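Presented below is the structure to which this report refers.
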Amino acid sequence: MSTTQDTTAAMVADWWATSVSRMAPGVIELRGRPVQELIGTTGLTDMIWLMLRGDVPDRRQSALLEAALVAGVDHGPHAPSIAAARMAATCGIGLNNAVATGVNLLGDSHGGAGQQCVEVLTDICARQDAGADLDTAVGDALTAWRAHSRYVPGFGHRFHPVDPRRDPLLGLVDAAVRDGVVEGRHATAARAVEAALQRPGRRPVPMNIDGATAIIYAELGFPAPLARGLFVLSRSIGILAHAWEETQQGRRNKGPIPTGILPTYLGN
């Protein structure tokens with residue numbers, strides 16, 4: 001092969017350069033590990049960690065990540081992502097497209113609170129690193145966040161007075177902190193935010209699942225954008241289950257409301 005051909009081949013090879021996987025005839029390596037050594041020995045949660053981080057978590061880290069993933073799997077067909085997937089499943093587009101329809105609804109307002117909460121907690125910790133005490137760091141971080149949003153991500157819930165997923169997750173975090181598995185700074189910051197949001201005579205604003213899982217993802221060292229990515233992986237399971245169930249019920253072209261109910265007409 002000529003020098004020019006060598007240079008062109010190298011340019012093409014470098015175009016998709018990656019450390020995630022290596023493929024060659026008879027070879028599949030994921031983060032440098034032969035796939036045949038991973039099959040049957042490595043759980044899915046550990047594979048997620050391996051693919052995103054390049055190493056394998058210890059047992060307690062893996063359990064904490066898995067708890068967060070399990071907690072976020074589903075929240076019923078009234079969740080927009082689930083409802084859209086169920087409707088899509090009746091339109092003849094196949095499960096892959098139905099799941100993609102649901103996943104594509106996981107945006108800033110529905111599905112992004114975990115990422116946003118990690119951003120707030122990271123901001124609080126950064127302010128502490130710069131010399132602020134915890135209360136000042138929390139107050140300044142909340143002020144900065146509220147400059148562009150009235151909602152504090154990870155706190156309060158439109159449906160649950162207290163999110164039933166919150167306490168089990170926080171209990172696991174507290175145990176991990178006691179045992180030195182995670183440091184606990186983000187957990188402390190989140191509880192300080194929760195305290196700052198309470199006002200006498202007003203409805204409590206307790207931490208929800210997005211806050212609890214944000215603590216876990218942040219404590220385990222995942223950057224904020226991956227908090228949303230991990231939630232998408234988790235919720236995809238519920239989306240798939242609902243889409244599959246809908247395909248078994250025989251409906252065609254299911255709309256957002258029963259056919260016997262007509263939308264209110266507002267006039268011109």
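No experiment lies behind these values; they were computed from the predicted model shown.
- With Asn208 contributing its side chain and Gly211 its backbone, the two residues share a donor-acceptor pair below 3.5 Å.
- Interatomic distance, Leu44 CG to Leu50 CG, rounded to the nearest 0.5 Å: 11.5 Å.
- Contact check for Glu119 versus Asp123: no side-chain heavy atoms found under the 4.5 Å cut-off.
- Listed here is the closest heavy atom pair of Gly154 and Ala113: N-CB, 4.3 Å.
- Side-chain contact check for Ile28 versus Met23: some heavy-atom pair is nearer than 4.5 Å.
- Across all non-hydrogen atoms, the minimal contact from Val232 to Ser236 is O-OG, 2.6 Å.
- Criterion: ILVMFWY side-chain heavy atoms under 4.5 Å apart, direct or through other members. Under it, Val173 and Val193 are part of a common hydrophobic cluster.
- When the shell of 6.0 Å around CE of Met11 is examined, it contains 12 or fewer heavy atoms from other residues, nucleotides or ligands.
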- request: For side-chain contact (heavy atoms from CB on, under 4.5 Å), just list the numbers for Ile237 and Asp74, CA-CA rounded to whole Å, side-chain angles, deciding distance to a tenth of an Å, and then say yes or no.
  value: CA-CA 8 Å; Ile237 300 169; Asp74 189 18; over 6 Å; no
Check: residues 33-42 side-chain donor-acceptor pairs under 3.5 Å, at least two apart:
unit_1	atom_1	unit_2	atom_2	d
Thr41	OG1	Glu37	O	2.6
Thr41	OG1	Leu38	O	3.2

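- Val20 is not listed as a side-chain neighbour of Leu30, based on a closest heavy-atom distance of 4.5 Å or more.
- The CG atom of Asp210 lies 11.5 Å from the CD atom of Gln115; values are rounded to the nearest 0.5 Å.
- Classification of Arg191 and Asp174 as a salt-bridged pair holds, one side-chain N sitting under 4.0 Å from a carboxylate O.
- No continuous path of ILVMFWY side-chain contacts below 4.5 Å connects Val118 to Leu197, so the two sit in separate hydrophobic clusters.
- Residues Gln249 and Thr247 have side chains not in contact (no heavy-atom distance under 4.5 Å, counting atoms from C-beta outward).
- Rounding to the nearest 0.5 angstrom, the gap separating the CD atom in Gln61 from the CG atom in Asp55 is 8.0 Å.
- Under the rule for a side chain to side chain donor-acceptor pair (under 3.5 Å), Thr122 has no partner lying at least two apart in sequence or in another chain.
- Using a 4.5 Å heavy-atom cutoff, the side chains of Leu65 and Pro57 are not in contact.
- Proximity of Ile215 to Met207: side-chain heavy atoms (C-beta onward) are separated by under 4.5 Å at one or more points.
- Hydrophobic clustering (side-chain heavy atoms under 4.5 Å, transitive across Ile, Leu, Val, Met, Phe, Trp, Tyr) groups Leu226 together with Val182.
- Residue pairs meeting the ring-ring contact (aromatic ring centres under 6.0 Å, His included) criterion with at least one partner in residues 204-234, sequence neighbours excluded, are Trp49-Phe222.
- Expressed to the nearest 0.5 Å, how far NE2 of His186 lies from CG of Leu220 amounts to 10.5 Å.
- One distance of note links CG of Asp108 with CD of Gln116; it measures 5.5 Å at 0.5 Å rounding.
- The stretch residues 109-149 participates, sequence neighbours left out, in these ring-ring contact (aromatic ring centres under 6.0 Å, His included) pairs: Trp145-His148.
- Residues Val73 and Arg235 have side chains not in contact (no heavy-atom distance under 4.5 Å, counting atoms from C-beta outward).
- Residue Ile216 is not grouped with residue Val70 when hydrophobic side chains (ILVMFWY) are merged at heavy-atom distances under 4.5 angstrom, including chains of intermediate members.
- Classification of Arg185 and Glu219 as a salt-bridged pair fails, no side-chain N sitting under 4.0 Å from a carboxylate O.
- Side-chain contacts under 4.5 Å among hydrophobic residues (ILVMFWY), followed directly or transitively, place Met87 with no other residue at all.
- Taking OG of Ser62 as the start and CD1 of Ile48 as the end, the distance is 9.0 Å to the nearest 0.5 Å.
- A donor atom on one side chain and an acceptor atom on the other are not found under 3.5 Å apart for Asn253 and Thr90.
- A donor-acceptor pair under 3.5 Å is absent between the side-chain atoms of Ser234 and the main chain of Leu230, judged by distance alone.
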message: Pair Phe155, Cys117 - check side-chain contact (heavy atoms from CB on, under 4.5 Å), show working.
response: CA-CA 9 Å; Phe155 297 86; Cys117 188; 4.3 Å; yes
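- Pro153 approaches Val120 most closely through the heavy-atom pair CG-CG2, 4.1 Å.
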Evaluation steps, side-chain contact (heavy atoms from CB on, under 4.5 Å), between Gln128 and Leu134: CA-CA 6 Å; Gln128 288 182 282; Leu134 178 59; 3.7 Å; yes
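- The main-chain N or O of Ala196 is found under 3.5 Å from a side-chain atom of Arg199 such that the two form a donor-acceptor pair.
- For the pair Leu262 and Ile257, the minimum side-chain heavy-atom distance is 4.5 Å or more.
- Between the side chains of Asp140 and Thr143, no donor-acceptor pair is found at a separation under 3.5 Å.
- Checked for salt-bridge contact, Arg53 and Asp46 miss the test: no charged N lies under 4.0 Å from a carboxylate O.
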Listed pairs under 3.5 Å, donor-acceptor, residues 94-107 side chains, sequence neighbours left out:
unit_1	atom_1	unit_2	atom_2	d
Asn97	ND2	Ile93	O	2.7
Thr101	OG1	Asn97	O	2.8
Asn104	ND2	Ala100	O	3.1

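- Salt-bridge check for Arg60 with Asp179: passed, with a basic side-chain N closer than 4.0 Å to an acidic carboxylate O.
- Residues Leu169 and Ile209 approach most closely at CD1-CG1, 4.2 Å, considering heavy atoms.
- No single ILVMFWY cluster, assembled from side-chain heavy atoms under 4.5 Å apart, contains both Leu233 and Ile239.
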CA sep, side-chain torsions, deciding dist, call: Glu29, Val27, side-chain contact (heavy atoms from CB on, under 4.5 Å): CA-CA 6 Å; Glu29 292 181 357; Val27 175; 3.9 Å; yes
